[in-house]
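Taking it in order: structure first as structure tokens, then the write-up.
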There are 2 protein chains.
Amino acid sequence: MNDLPRSGCPINLTLEALGDRWSLIVIRDIIFGNRRHYRELLTRSEEGIASNILADRLKRLMAGGFLTREDDPSHKQKAIYSLTEKTIQLVPLLAAMAAWGRRHTAVSRPLAIRAKLLEEGGPALWAILMDELRATHLMKQAATTDAFARLQDAYEAELSQNA
Amino acid sequence: MNDLPRSGCPINLTLEALGDRWSLIVIRDIIFGNRRHYRELLTRSEEGIASNILADRLKRLMAGGFLTREDDPSHKQKAIYSLTEKTIQLVPLLAAMAAWGRRHTAVSRPLAIRAKLLEEGGPALWAILMDELRATHLMKQAATTDAFARLQDAYEAELSQNA
DNA sequence: AATATCTGATTGCATTATGCAATCAGTATC
DNA sequence: GATACTGATTGCATAATGCAATCAGATATT
């Protein structure tokens with residue numbers, strides 16, 4: 001699958017690692033949607049990812065060191081996917097994408113408000129979110145999830161306004 | 001070419017607009033490499049883009065409002081490609097990609113130093129660079145290009161050290 | 001005036017990625 | 001024992017990508 005990189009440019013290498021139509025969607029859902037299982041990623045995806053594509057991307061992301069996989073004790077066939085540190089460090093990149101998208105694409109309102117909060121919170125909020133993700137995904141302990149909850153609350157508040 | 005978006009998520013929409021293996025490479029070369037012509041983009045590309053892909057991407061980027069095209073007075077078949085404001089606003093996103101790539105991929109040294117400068121300069125340097133790009137691409141006047149020159153000088157200094 | 005070179009592309013063809021629908025074999029639930 | 005849920009895989013069609021060759025008009029060279 002992986003040949004030699006086209007160049008040693010950091011932008012190019014980032015693009016080669018994540019520049020397809022689905023990898024960042026999966027990562028986004030794990031980070032902001034707190035999805036940890038295959039079935040959650042498959043059925044609760046806004047974009048409707050196909051099962052074979054999801055399986056392929058999970059495989060690739062694990063091979064690339066973006067995700068790790070453990071057995072879920074509750075079900076012998078169930079797996080839990082966790083973020084690695086390098087994936088957690090994509091938060092600023094996702095924030096930049098969200099900020100640009102909010103300005104220059106036709107985003108839907110409930111999703112825009114989350115992007116707005118993420119942008120206005122700036123590096124300080126990103127750092128908090130990243131620490132929470134580290135606690136959840138790397139240390140495997142109950143974490144305080146203030147930043148996540150804040151983003152989630154804002155999103156749900158926006159949803160209920162439109163209802 | 002463009003169907004309905006898969007979702008209204010800003011990250012997804014950004015990905016749908018630019019999430020392929022070449023669009024951002026072309027934009028990067030125009031922004032940081034100051035390429036303005038088809039032939040420059042084709043032959044001076046680190047990654048070796050194919051001519052048909054380049055032609056397709058230029059077409060798509062123009063259709064998407066990322067680039068504009070004018071005739072070059074020096075040659076009746078020559079075209080000059082310019083950035084639009086929304087493309088200039090990708091600078092922070094490219095900076096985030098470069099910063100992540102520098103930490104987590106095997107970047108080459110001369111290209112890494114440019115990414116380092118871009119990261120350390122932070123939003124202040126990005127703003128300067130963006131203003132220079134506006135002057136060059138939007139106002140069509142001779143612009144002071146300090147930030148660009150700084151990045152270029154650092155890159156060349158690094159190159160000559162390795163020689 | 002002929003030739004060569006440079007301009008921004010396009011064409012043909014092979015390979016690869018993506019997408020949809022159906023299916024799979026274990027596991028758990030009822 | 002039937003049903004549903006688990007993380008996938010398979011078959012097949014369509015779309016994107018990549019390489020090499022080629023194009024015609026414009027300019028430069030001799």
Side-chain angles (χ1 to χ4, degrees), chain A residues 1-7 12 15-26 29-30 33 35-64 66-82, chain B residues 1-7 12 15-27 29-30 33 35-64 67-82:
Chain A
M1 195 70 74
N2 266 357
D3 281 11
L4 283 179
R6 304 181 295 189
S7 84
N12 173 59
L15 219 43
E16 289 197 41
L18 301 164
D20 69 274
R21 288 178 117 56
W22 291 109
S23 297
L24 276 180
I25 293 293
V26 172
D29 280 351
I30 298 176
R35 313 285 151 76
R36 305 297 298 271
H37 303 284
Y38 181 94
R39 203 47 66 161
E40 286 178 335
L41 288 163
L42 182 66
T43 59
R44 300 179 54 204
S45 152
E46 286 261 342
E47 289 82 14
I49 190 170
S51 61
N52 55 343
I53 307 285
L54 176 58
D56 178 77
R57 289 308 179 281
L58 288 172
K59 213 181 285 177
R60 256 196 247 185
L61 288 171
M62 286 189 287
F66 289 93
L67 297 177
T68 58
R69 187 198 140 113
E70 300 150 90
D71 293 335
D72 185 330
S74 81
H75 189 302
K76 283 199 180 159
Q77 274 190 323
K78 223 167 168 178
I80 306 177
Y81 294 96
S82 296
Chain B
M1 194 69 76
N2 267 355
D3 281 12
L4 283 179
R6 304 182 296 190
S7 83
N12 174 59
L15 218 44
E16 289 196 41
L18 301 164
D20 70 275
R21 289 177 117 57
W22 290 109
S23 296
L24 276 180
I25 294 292
V26 172
I27 289 170
D29 280 351
I30 298 176
R35 313 284 151 76
R36 304 297 297 273
H37 303 284
Y38 181 93
R39 204 46 67 159
E40 287 177 335
L41 287 163
L42 183 66
T43 58
R44 300 178 55 204
S45 152
E46 285 261 342
E47 289 82 13
I49 190 169
S51 61
N52 55 344
I53 307 287
L54 176 58
D56 178 77
R57 288 310 179 279
L58 288 172
K59 214 181 284 178
R60 254 197 250 184
L61 289 171
M62 285 188 288
L67 297 178
T68 58
R69 187 199 140 113
E70 300 150 90
D71 292 335
D72 185 332
S74 80
H75 188 303
K76 284 197 178 160
Q77 273 190 323
K78 223 166 164 178
I80 307 177
Y81 294 96
S82 296

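Note that this is a predicted model, so its numbers are computed, not measured.
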With a 4.0 Å cutoff (strictly under), does any side-chain N or O of B/R60 reach OP1 or OP2 of D/dA16? no
Determine: side-chain N/O of B/W22 to OP1/OP2 of D/dA16, distance under 4.0 Å, yes or no. no
Mind checking side-chain contact (heavy atoms from CB on, under 4.5 Å) for [X] and listing every partner two or more places apart, or none if nothing turns up?
X: B/D29; result: B/I25, B/R35, B/L41, B/S45
X: B/T43; result: B/R39
X: B/A79; result: B/R69, B/Y81

Just to be sure I understand the rule, does B/R57 reach a base, reach only the sugar-phosphate, or reach nothing, if contact means heavy atoms closer than 4.0 Å? sugar-phosphate
Under 4.0 Å, counting only non-hydrogen atoms across every strand here, what does B/D72 touch: a base, just sugar-phosphate, or nothing? nothing
4.5 Å side-chain heavy-atom contact, A/H37 and A/I80: yes
Protein heavy-atom contacts under 4.0 Å, written 5' to 3' over nucleotides 3-14 of chain C as B (base), S (sugar-phosphate only) or - (none), form the string ----BBBBBB--
Can you list every salt bridge (charged side-chain N to carboxylate O under 4.0 Å, His left out) pair that touches residues 71-82 of chain A, not counting sequence neighbours? none
For B/R21, salt bridge (Lys or Arg N to Asp or Glu O under 4.0 Å) partners two or more places apart: none
Protein-nucleotide distance ([X], atom [atom1]; [N], atom [atom2]), rounded to Å:
X: B/R6; N: C/dT18; atom1: CZ; atom2: P; result: 10 Å
X: A/I25; N: C/dG19; atom1: CD1; atom2: P; result: 11 Å
X: A/L54; N: C/dC20; atom1: CG; atom2: P; result: 14 Å
X: A/I49; N: D/dG7; atom1: CD1; atom2: C1'; result: 14 Å
X: B/R21; N: D/dC19; atom1: CZ; atom2: P; result: 13 Å
X: B/E47; N: D/dG18; atom1: CD; atom2: P; result: 11 Å

